[in-house]
Amino acid sequence: MYVAERIRRVRHRTPRYVCARTRQMLYERGHPDAPWLTPEATRLLGRMLLPSDRGLEFGSGRSTVWFAERVSHLTSVEHDERWYAEVSGRLKERALSNVDYILAPLDELDGRGGGSGYARAALAFADSSIDFALIDGAYRDHTARYVLPRIKPGGMLIIDNVQWYLPSNSRAPNSRTPALGPRGEIWAEIARDLADWRRIWTSSGVWDTAIFVRPGPPPAA
């Protein structure tokens, strides 16, 4: 068991991966305020987001400040109390008051989460009421499922580490192949719901971030 586990942990450390990891580290060093998304996804979002946008994120961090500096309003849901205090301090330092920051401790076991207060925070939003949502925290299957109908036509669903959940031809570690399919029934349901959305799949070679754009023109202002 020990040998098998060790092989599993190191088998992705190919020259390609080491090069990608080094490139990612250099990028993070040169962009200390950038979200922990792929660099390509960050660049795209920088062009696609509008100052009038209102968004929701599950899992806070650098992205919280980054979004808040670019959009009208952000709701951010975090489960870790210490990290919540850390990010709250960063928001205060930047004098950012356009964030509704919610602390919602995990109250269900891994593999569940559909009834958790954390995931169900998405249900406070009306259908087609938000311009973007980032899935980068806990209970990702349930948060993605709940938030999908809340995104406006023309709006974006952003899923970080997407290679763990949806199939692709990615070379990032632990990617799900087309033969494997989505990770579980809920992700299969999400994949079906996203079938007609525009898909922008980005990879750093270390992990992937996908941006899904809901069909239809944005609502008139």
Side-chain angles (χ1 to χ4, degrees), residues 20 23-24 27-28 31 33-77 122 125 127-176 178 182-183 186-219:
R23 185 168 58 245
Q24 180 65 34
Y27 172 83
E28 291 178 4
H31 301 80
D33 295 328
W36 284 309
L37 308 173
T38 65
E40 184 181 359
T42 301
R43 287 192 292 270
L44 288 169
L45 289 170
R47 297 198 298 266
M48 297 169 76
L49 291 169
L50 299 175
S52 59
D53 282 349
R54 302 177 69 86
L56 169 64
E57 70 168 1
F58 287 93
S60 63
R62 290 183 184 179
S63 60
T64 311
V65 173
W66 192 86
F67 281 133
E69 291 179 333
R70 288 163 174 79
V71 303
S72 173
H73 187 270
L74 176 70
T75 299
S76 179
V77 185
F125 294 83
D127 287 355
S128 301
S129 64
I130 58 177
D131 298 288
F132 68 92
L134 171 63
I135 305 299
D136 194 20
Y139 307 135
R140 297 193 191 191
D141 50 355
H142 294 288
T143 54
R145 178 166 61 99
Y146 287 154
V147 84
L148 268 174
R150 275 82 192 165
I151 297 173
K152 296 177 181 178
M156 297 178 287
L157 174 68
I158 309 148
I159 305 177
D160 198 29
N161 307 115
V162 66
Q163 79 280 3
W164 296 343
Y165 310 108
L166 297 176
S168 71
N169 294 313
S170 176
R171 295 179 180 271
N174 303 313
S175 295
R176 298 192 67 82
R183 181 178 173 178
I186 296 176
W187 282 109
E189 176 187 337
I190 292 167
R192 289 191 294 270
D193 289 342
L194 292 173
D196 62 345
W197 293 41
R198 179 188 177 197
R199 188 180 88 161
I200 307 171
W201 193 289
T202 71
S203 181
S204 66
V206 181
W207 76 87
D208 297 358
T209 306
I211 303 170
F212 298 90
V213 182
R214 184 176 176 180

Should [X] and [Y] count as side-chain neighbours, where that means a heavy-atom distance under 4.5 Å?
| X | Y | result |
| --- | --- | --- |
| S128 | R214 | yes |
| T202 | R43 | no |
| L148 | L194 | yes |
| I151 | W197 | yes |
| E69 | D33 | no |
| W201 | V162 | yes |
| V147 | I130 | yes |
| L49 | M156 | yes |

[atom1]-[atom2] distance between [X] and [Y], expressed to the nearest 0.5 angstrom:
| X | Y | atom1 | atom2 | answer |
| --- | --- | --- | --- | --- |
| L134 | L157 | CG | CG | 8.5 Å |
| Y146 | F58 | OH | CZ | 10.0 Å |
| D160 | T209 | CG | OG1 | 4.0 Å |
| R150 | D127 | CZ | CG | 5.0 Å |
| R70 | L45 | CZ | CG | 10.0 Å |
| L44 | T38 | CG | OG1 | 7.5 Å |

Has T143 got a side-chain atom pairing as donor or acceptor with I135's backbone, closer than 3.5 angstrom?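 Side chain of T143 to backbone of I135, a donor-acceptor pair under 3.5 Å: no, none is there.
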Keeping the roles fixed (side chain from T75, backbone from L56), state whether a donor-acceptor pair exists under 3.5 Å. no
Those residues that, when tested against S60, pass side chain to side chain donor-acceptor pair (under 3.5 Å) (two or more places apart):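 Scan of S60 (side chain to side chain donor-acceptor pair (under 3.5 Å), adjacent residues dropped) gives E78, Y101.
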Looking at every heavy atom in both [X] and [Y], which two are closest together, and how far apart are they?
| X | Y | value |
| --- | --- | --- |
| S204 | P39 | CB-CD, 4.2 Å |
| R140 | Y165 | CD-OH, 3.4 Å |
| P153 | P217 | CB-O, 3.4 Å |
| S76 | T64 | OG-OG1, 3.8 Å |
| D141 | I190 | O-CD1, 3.4 Å |
| A41 | I211 | O-CD1, 4.2 Å |

Run the numbers on I200 and M48 for side chain to side chain contact (heavy atoms under 4.5 Å, CB included), then give the verdict. CA-CA 12 Å; I200 307 171; M48 297 169 76; 4.1 Å; yes
Flag the pair D131 and R54 as a salt bridge only when some basic side-chain nitrogen lies within less than 4.0 angstrom of an acidic carboxylate oxygen.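 Looking at R54 together with D131, the answer is no, because their closest N to O distance does not fall below 4.0 Å.
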Checking side chain to side chain contact (heavy atoms under 4.5 Å, CB included) for the pair L166/F212: CA distance, chi angles, key distance, verdict? CA-CA 12 Å; L166 297 176; F212 298 90; 4.0 Å; yes
For atom CZ of R62, is the number of surrounding heavy atoms from other residues, nucleotides or ligands below 6.0 Å larger than 12?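 Check passes, neighbour count above 12.
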Side chain to side chain contact (heavy atoms under 4.5 Å, CB included) evaluation trace for W207 with Q163: CA-CA 7 Å; W207 76 87; Q163 79 280 3; 3.7 Å; yes
Determine the interplanar angle of the F67 and F132 rings, folded into 0 to 90°, and report it as parallel if under 30°, tilted if 30 to 60°, perpendicular if over 60°.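 Answer is tilted, since the angle falls between 30° and 60°.
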Using only heavy-atom distances, determine whether the side chains of E57 and S63 contain a donor-acceptor pair under 3.5 Å.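 There is such a pair between these side chains.
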